[in-house]
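What follows is one structure encoded as structure tokens, with my remarks underneath.
All heavy atoms count here, side chains included; hydrogens, waters and symmetry mates do not.
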Amino acid sequence: MAEAGETASAPFEGPEKLLEIWFAPSAAAVPDANSPEDSRTGLRKVPQVIWKEMLAIVKCEVLSVISGTEIDAYLLSESSLFVSPHRVILKTCGTTLNLLGLPRILDIAANYANMSSVYQCFYSRKSFMFPERQLGPHRDWGQEVQFLDNIFPNGAAYNVGKVNGDHWLLYMKTPSDDSGAFRSSPHLESPVVTIGNAFPDYTIEILMSDLSPAAREPFFSTFSSPETPSSHALSLSRSFGITDIFPPHLTTLDAYSFSPCGYSSNALIKWGEDPFFFSSPDMANGTSTVGEGYYTIHVTPEEGWSYASFECNVPLHPNRPPSAPDANTIPDLKTLVQRVVSIFQPGRLSLTLFISGEDNESDETGESPVEAAQRAFRAALLGKRRYRRTDKINYEFGAYDLAFASFELSDHK
């Protein structure tokens with residue numbers, strides 16, 4: 001990467017490859033759920049050195065790790081790894097070989113967690129800026145699909161959005177594909193995944209390009225001893241508003257500033273402690289102790305290929321009641337989008353919301369979850385910064401629904 005105000009001879013590919021592998025529908029369904037060791041079960045029992053060996057295949061390394069009650073979050077030289085008892089999420093940027101880590105992850109699950117088959121798997125990415133620089137199966141979407149088809153014979157691939165513009169690529173293997181799904185527990189009979197039987201599986205991504213000069217400049221790092229990449233990044237996170245995206249008292253943040261430029265952070269969020277979620281029957285009567293999620297941010301600030309990504313799996317309401325406080329509570333979807341976009345000020349962005357639920361039901365107004373998300377996207381962006389929507393697509397995949405939308409500034413060139 002380059003010094004501030006300069007350009008690098010070789011561009012960096014900011015858009016990430018995102019691999020998510022489930023070996024059971026919940027932490028409660030892993031084989032050792034009732035026999036934890038140091039409060040850890042399933043994949044969280046795997047030694048860190050084993051994950052590091054897998055990451056070496058992918059061509060990235062661990063910078064730091066934070067652990068919560070349900071998730072271990074690894075900050076990587078190229079993005080992030082999240083490990084839950086039943087699930088692994090591997091997100092890598094640049095020319096990393098993300099999919100080459102998949103066979104090793106399958107071996108690790110079988111040998112260290114007694115989970116020898118996959119419940120469901122997702123692989124997705126935004127269209128690359130510099131596809132000619134990719135390596136291995138990532139040189140072409142067709143090669144990525146073939147690689148995954150060789151492992152999951154009944155998977156399905158999708159291209160969402162304009163082929164000749166910003167688009168999002170998705171590969172899915174779900175329990176309904178009946179291709180070797182994990183079946184050792186009666187909990188696994190339903191393909192619908194929920195968190196604590198109360199909230200859907202939920203992932204929001206905000207993928208931003210052409211960041212404004214004012215938004216890019218702080219991510220060109222100049223620091224010296226005793227300041228470290230981590231302390232510099234935490235200070236930057238506070239001054240730039242990243243620590244205010246979610247309530248600080250519910251958030252554990254791990255961040256890193258790269259030299260001469262770039263930024264990454266992982267955060268673990270105790271959303272189950274937010275009073276808004278107490279209205280859930282499971283939360284209210286104490287039958288659910290689940291309520292930890294993550295967000296992750298990665299920034300490539302160089303002019304010409306500037307990019308920032310935000311991903312989060314906290315189940316957000318599209319719009320909270322007007323009387324709800326926001327400084328110390330989990331934001332709704334509209335507020336979250338506004339907070340993230342105001343930090344990075346992109347010229348173009350794509351948003352995806354992936355939510356579980358078989359035949360997702362409409363609310364009392366007749367609005368489905370994905371239409372509510374589209375409304376929140378629109379309300380967040382069609383306002384003071386003069387964004388215009390360039391694409392809106394909803395998909396129904398059976399066990400999951402997808403809302404996809406693209407926006408750009410009205411005067412963007």
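For Lys45 and Glu37, the salt-bridge test passes: some basic side-chain N is under 4.0 Å from an acidic carboxylate O. Ionic pairing of Lys126 and Asp166 is present here: one or more N-O contacts between side-chain nitrogen and carboxylate oxygen are shorter than 4.0 angstrom. By the 4.0 Å N-to-carboxylate-O rule, Glu371 lies close enough to Lys392 to be salt-bridged with it. Ion pairing of Glu70 with Arg44 is absent here, as no side-chain N (NZ or NE/NH1/NH2) approaches a carboxylate O to less than 4.0 Å. With salt bridges taken as basic N to acidic carboxylate O contacts below 4.0 Å, none links Lys162 and Asp391. Note on Arg216 versus Asp210: no salt bridge recorded, every NZ/NE/NH1/NH2 to OD/OE distance being 4.0 Å or above.
For Glu227, the side-chain contact (heavy atoms from CB on, under 4.5 Å) test picks out Phe223, Ser231, His232, with sequence neighbours left out. The side chain to side chain donor-acceptor pair (under 3.5 Å) search around Glu311 returns Lys91, Tyr294, not counting sequence neighbours. Scored by the side chain to side chain donor-acceptor pair (under 3.5 Å) test, Tyr263 finds Ser237, Ser265 as partners (sequence neighbours excluded).
For the pair Val314 and Tyr295, the minimum side-chain heavy-atom distance is 4.5 Å or more. Side-chain contact check for Asn266 versus Ile297: every heavy-atom pair is 4.5 Å or farther apart. At least one side-chain heavy atom of Leu207 sits less than 4.5 Å from a side-chain heavy atom of Glu205.
Note that SG of Cys121 is 10.0 Å distant from CE of Met172, once rounded to the nearest 0.5 Å.
The number of heavy atoms from other shown groups lying within 6.0 Å of NZ (Lys270) does not exceed 12. Within 6.0 Å of atom CZ in Arg104, more than 12 heavy atoms from other residues, nucleotides or ligands are found, so the atom counts as buried in its surroundings. Residue-environment remark: NZ (Lys59) stays at or below the threshold of 12 foreign heavy atoms within 6.0 Å.
Using modelled atom types, one finds no donor on one side chain facing an acceptor on the other under 3.5 Å when comparing Tyr74 with Glu61.
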